[in-house]
Amino acid sequence: TGNIETQVTDVDAEDEDGDNVTAKNSSGNAIADSAEAVVSSRVVTVSGSGSLTAQIDTNYTGLRNDHYVLAGTAKHLAGRVQLRASNEDVKLKDLSIFASSTDAGTDTAAVLDATFGTITLYEDAAMTMPLASEDFTSTAGDGGGVTTTLEDVNYVVPRDTTKYLYIGVSVNTIGTG
């Protein structure tokens, strides 16, 4: 990866009669060396591959504040992921989601396993276009949380665009899980 800036540092030119012509920059100075160069106002970035930036969007309506969810809810919007592809289309193959409990001294895995049935990644906020879904069976994670991996998402983020994916969960009824 690197940036390229172009400059014109010397010009050998002639008019239609074959007479030498002195090329000048926009200040009217002859272009004879790098001190009087014509510098591009554009930077060309050369990159060996694309990149994908992902973050949880906490400013999305309905997700800005803490909220309550009724036990037995089939589809609850739990999060929104912002994805930005740079330099080329990027395919999101799998996505791991880390969750933790704020209840001190509890077995986080047991609490989350008992609370959630499935976790689904959707292409739309209405949660009608699922991309991948997994039963919420947690595996040990870092920092007192658990991780669930959604496999075979296979979602393409077009180059130089921002897209959003939505995390939905089914909430178990009380006493099941």
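When a residue number appears, it is its place in the shown sequence, counting from 1. All values below were derived from every heavy atom in this structure, side-chain atoms included, with hydrogens, water molecules and symmetry-related copies excluded.
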* Asked: Are a donor atom and an acceptor atom from the side chains of Ser133 and Thr118 found within less than 3.5 Å of each other?
  -> no

* Hey, are the side chains of Thr53 and Gln82 touching, using non-hydrogen atoms and a 4.5 Å cut-off? -> no

* If you look at every heavy atom in Glu88 and Arg159, which pair is closest and at what distance? -> C-CB, 3.3 Å

* Between Asp57 and Arg80, is there a donor-acceptor pair closer than 3.5 Å when you use the side chain of the first and the backbone of the second? -> no

* Can you check whether Ile167 reaches Ile97 side chain to side chain, under 4.5 Å on heavy atoms? -> yes

* **Gly72 to Thr173 - nearest heavy-atom pair and separation** => CA-CG2, 3.7 Å

* Pairwise side-chain contact, Tyr166 with Glu123, heavy-atom cut-off 4.5 Å (strictly under) -> no

* Hey, mind stepping through Tyr60 and Tyr164 against ring-ring contact (aromatic ring centres under 6.0 Å, His included) and telling me if it holds? -> CA-CA 10 Å; Tyr60 184 66; Tyr164 297 93; 7.7 Å; no

* Structure fact -> For Val153 and Leu95 the tightest heavy-atom approach is CG2-N, 4.2 Å

* Cluster check Val171, Leu121: I/L/V/M/F/W/Y, side chain < 4.5 angstrom -> yes

* Asked: Taking Lys75 for the side chain and Met127 for the main chain, is one N or O donor matched with an acceptor at less than 3.5 Å?
  -> yes

* **Option passing side chain to side chain contact (heavy atoms under 4.5 Å, CB included) with Phe116 (candidates Val169, Val69, Asp135)** => Val169

* Asked: So do Val157 and Leu52 actually touch side chain to side chain, heavy atoms under 4.5 Å?
  -> yes

* Are Val81 and Ile56 side-chain neighbours, meaning at least one heavy-atom pair lies under 4.5 Å? -> yes

* Asked: Closest heavy-atom contact between Ile174 and Ala71?
  -> CG1-CB, 3.7 Å

* Asked: Would Leu131 and Ile119 show up in the same hydrophobic cluster when neighbours are defined by side-chain heavy atoms closer than 4.5 Å?
  -> yes

* So do Glu134 and Thr149 actually touch side chain to side chain, heavy atoms under 4.5 Å? -> no

* Structure fact -> Note: Ala54 and Leu83 closest approach over all heavy atoms is CB-CD2, 3.6 Å

* Ignoring hydrogens and geometry, is there a side-chain-to-backbone donor-acceptor pair from Asn87 to Asp160 under 3.5 Å? -> no

